[in-house]
Amino acid sequence: MLEITILRENPEMVIERLAIKNIDARATVKNILDVDVKRRETQKMLDDNLAESNNIAREIGNLFKQGKQADANALKSRTAELKAMAKELSDQLEQLQNEQNELLISLPNMPNVNTPKGKSAEDNKIIATEGNIPDLGDKFLPHWELTQKYDIIDFELGVKLTGAGFPVYKGKGARLQRALINFFLQEAINAGYLEIQPPLMVNEASGYGTGQLPDKEGQMYHVTEDKFYLIPTAEVPVTNIYRDLIVKQEDFPIKNVAYSQCFRREAGSYGKDVRGLNRLHQFDKVEIVQIQHPDKSYATLEEMREYVAALLRKLELPFRVLHLCGGDMSFTSAWTYDFEVYSAAQKRWLEVSSVSNFESFQANRMKLRFKDANGKTQLAHTLNGSALALPRIVAALLENNQTAEGIKIPKALVAYTGFEIID
RNA sequence: GGAAAGAUGGCCGAGUGGUCGAAGGCGCACGCCUGGAAAGUGUGUAUACGCCAAAAGCGUAUCAUGGGUUCGAAUCCCAUUCUUUCCGCCA
């Protein structure tokens, strides 16, 4: 959530920036500031009231010690009055705080000023395109047929065991998964990331910390008996490691990488988007997370962008990088790059990674802070990105590398798969 | 699943109704000491919100969470959550 101090000091700037995300925040911002004034007035009254009560209590204590029972009892009547008032004021204060908090939570993060203007995915700015799109001739299959042909991923069997969107990987299909996970983890470790193996279920507090709760709970699988949620991404447990922490400035940048299975209900999805590996309820992903000093977060974003690009180059996949426009950015992001690989058989671009700088938006909600050079605590910046999500990478690898002999495995992966071709 | 114990600051740990935001220790920071270090020694060391132009300062809240008793609660009462240990089960 946005910092209240920024809203107080520069409401116009906030309104202007949010307009880039096509949001008219004028009314909400005014509302927040009005509530803020009332909230502070109420707190002042309550604090004064409590201060008086505390003083009287102290005085009564002294009087009792001196044996002046009568004087002490005389003071008690005033405290009853104060107590009634305090109760009322603290109820009011709580209500105002809740009101302000709800309003603040309803505002998305401010996009960076350099964010492209636009309404939808059409308006995203393509900032790089790399690699060669293979010419498959006229005999080629989409991945959902290739997986059947080579018997490496069984969607039907997954339906039998669980339901749609829970495929079963078999033989070289399973080994390819394992190879990709190991490859992605090892690359990250080489780049200085600390590997984390997080729980796949989290409690409610963690869900709130990264913003899945209370709004997006429909997107998560819920273990009602124990009030746990299956994680939709490793970002949730990994980022929550730093919830309510004040880290040391020398620790920056904090770099974590985590492989996890991810579980998403994907309520409301349908059609060609969900065919085969394009959208699953359970999938594998390696996620990179960085926590950085505010002055350096944008340099870090570029570093992460370059890191993901390098992975795709090693996999020899044609890809492009998009700078998302205001209308297509997520609620929490200030700047997002999307990576898309070209799927030659489906003849379309598939999103495989999203690398974002959240600035202090997540950190504010989670109270993730650090002590700066002057000893003042301030919010850290958080960034994350997929590096990478497996299913669409697999789809593109299968489709783009299909040959008459079989599916060729890119050289960089062979050390991990132990085979060069799926046939 | 059954039984018991427990939850206090970055960590350990004292504290059973007032002078407790909380002894003591560790850690950390800065200084002294030292040729340099260790040891020793001195000082400091929570967070949030509010008041104030700001700093200083002041006020309020926080001893798992929520409620209650009381003029006054870390301390007493109730509920909840979590943790540990033992038994059972188990990869």
Side-chain angles (χ1 to χ4, degrees), chain A residues 1-10 32-105 197 199-209 213 223-229 237 240-252 254 261 291 360 363-380:
Chain A
M1 68 198 220
L2 294 174
E3 296 172 63
I4 183 68
T5 45
I6 291 174
L7 278 154
R8 279 208 282 252
E9 283 161 16
N10 211 339
I32 290 172
L33 294 177
D34 288 348
V35 173
D36 191 47
V37 171
K38 266 189 257 168
R39 193 200 95 233
R40 287 190 287 168
E41 279 171 0
T42 309
Q43 166 143 21
K44 178 84 178 100
M45 285 191 280
L46 178 62
D47 284 356
D48 290 348
N49 175 307
L50 292 174
E52 190 180 345
S53 293
N54 288 342
N55 283 330
I56 292 176
R58 225 164 292 154
E59 224 172 298
I60 290 177
N62 288 333
L63 289 171
F64 272 125
K65 253 179 228 159
Q66 295 163 24
K68 297 177 179 168
Q69 249 79 356
D71 292 350
N73 286 327
L75 277 174
K76 285 188 189 178
S77 61
R78 174 65 181 152
T79 61
E81 237 174 85
L82 286 168
K83 220 172 159 181
M85 267 161 56
K87 174 89 179 101
E88 204 171 303
L89 284 168
S90 73
D91 286 350
Q92 273 176 35
L93 181 63
E94 200 191 331
Q95 201 192 321
L96 288 165
Q97 277 168 342
N98 289 341
E99 200 177 326
Q100 183 170 29
N101 202 38
E102 272 166 42
L103 286 166
L104 271 174
I105 280 180
Q197 216 174 90
L200 301 182
M201 293 190 213
V202 292
N203 56 26
E204 284 180 328
S206 296
Y208 279 101
L213 297 176
V223 183
T224 49
E225 185 86 3
D226 297 294
K227 294 194 191 129
F228 294 150
Y229 292 86
N240 270 287
I241 292 173
Y242 304 95
R243 166 156 50 89
D244 290 322
L245 283 188
I246 299 177
V247 299
K248 293 204 184 84
Q249 192 170 203
E250 310 88 80
D251 296 338
F252 289 141
I254 296 173
Q261 305 259 0
I291 297 166
S360 64
N364 190 28
R365 186 170 185 143
M366 286 202 298
K367 302 292 169 245
L368 161 54
R369 292 156 295 171
F370 71 99
K371 285 224 190 286
D372 68 19
N374 302 321
K376 286 195 80 171
T377 43
Q378 55 169 299
L379 295 167

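It should be emphasised that the depicted structure is a prediction, and the values quoted were computed from it without experimental measurement. Heavy atoms only: backbone and side chains are in, while hydrogens, waters and symmetry mates are out. Naming: A, B, ... by sequence-line order, numbering from 1 per chain.
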Using atom [atom1] in both nucleotides, what's the gap between [N] and [M] to the nearest angstrom?
N      : M      : atom1 : value
B:rU45 : B:rA5  : C1'   : 33 Å
B:rU43 : B:rA61 : P     : 30 Å
B:rC20 : B:rU34 : P     : 39 Å
B:rG10 : B:rA23 : P     : 14 Å
B:rU65 : B:rU81 : P     : 15 Å
B:rU16 : B:rA22 : C1'   : 15 Å
B:rC63 : B:rG57 : P     : 25 Å
B:rU19 : B:rA74 : C1'   : 16 Å

Look through every strand shown and name the nucleotide pairing with [N] as Watson-Crick or G-U wobble, where both distances are under 3.5 Å.
N      : value
B:rC63 : none
B:rA53 : none
B:rU16 : none
B:rA74 : none
B:rG88 : none
B:rA38 : none
B:rG27 : B:rU45
B:rC82 : B:rG6

Please report the distance, rounded to the nearest Å, between [atom1] in [X] and [atom2] in [N].
X       : N      : atom1 : atom2 : answer
A:Gln92 : B:rU60 : CD    : P     : 20 Å
A:Ile60 : B:rC71 : CD1   : P     : 8 Å
A:Glu41 : B:rU60 : CD    : P     : 20 Å
A:Glu94 : B:rU62 : CD    : P     : 14 Å
A:Asp47 : B:rC58 : CG    : C1'   : 11 Å
A:Arg40 : B:rC51 : CZ    : C1'   : 10 Å
A:Asn49 : B:rG50 : CG    : P     : 19 Å
A:Lys38 : B:rC49 : NZ    : P     : 21 Å

Tell me whether the OP1 or OP2 atom of [N] has a side-chain N or O from [X] closer than 4.0 Å.
X        : N      : answer
A:Asn54  : B:rG18 : no
A:Lys83  : B:rG72 : yes
A:Arg78  : B:rG72 : no
A:Arg39  : B:rG50 : yes
A:Arg369 : B:rU47 : no
A:Thr377 : B:rA48 : yes

Nearest-nucleotide wise, let me know which of A:Lys44 and A:Asp226 is further upstream toward the 5' end of RNA chain B.
-> A:Lys44

Between A:Glu52 and A:Lys76, who's closer to the 5' end of RNA chain B by nearest nucleotide?
-> A:Glu52

Classify the nucleic acid contact of A:Leu75 as base, sugar-phosphate or nothing, counting any heavy atom under 4.0 Å across all strands shown.
-> nothing

Heavy atoms under 4.0 Å, any strand shown: does A:Lys227 hit a base, just sugar-phosphate, or nothing?
-> nothing

Are [X] and [Y] close enough that some pair of their side-chain heavy atoms sits under 4.5 Å apart?
X        : Y        : result
A:Thr79  : A:Glu52  : no
A:Arg8   : A:Asp36  : yes
A:Lys248 : A:Phe370 : no
A:Arg39  : A:Glu99  : no

Which atoms form the tightest heavy-atom contact between A:Asn240 and A:Ser206, and what is the distance?
-> ND2-O, 2.9 Å

Decide yes or no on side-chain hydrogen bond (donor to acceptor under 3.5 Å, both in side chains) for A:Gln378 and A:Asp372, but give the supporting numbers first.
-> CA-CA 7 Å; A:Gln378 55 169 299; A:Asp372 68 19; 3.0 Å; yes

Closest listed nucleotide, where the reference is the side chain of A:Ile246 and the choices are B:rC49, B:rU47, B:rG72 = B:rU47

Taking 4.0 angstrom as the limit, do A:Lys38 and A:Asp34 come out as a salt bridge?
-> no

Before giving the answer on salt bridge (Lys or Arg N to Asp or Glu O under 4.0 Å), spell out for A:Glu81 and A:Arg78 the whole-Å C-alpha distance, their side-chain angles and the decisive distance to 0.1 Å.
-> CA-CA 5 Å; A:Glu81 237 174 85; A:Arg78 174 65 181 152; 2.8 Å; yes

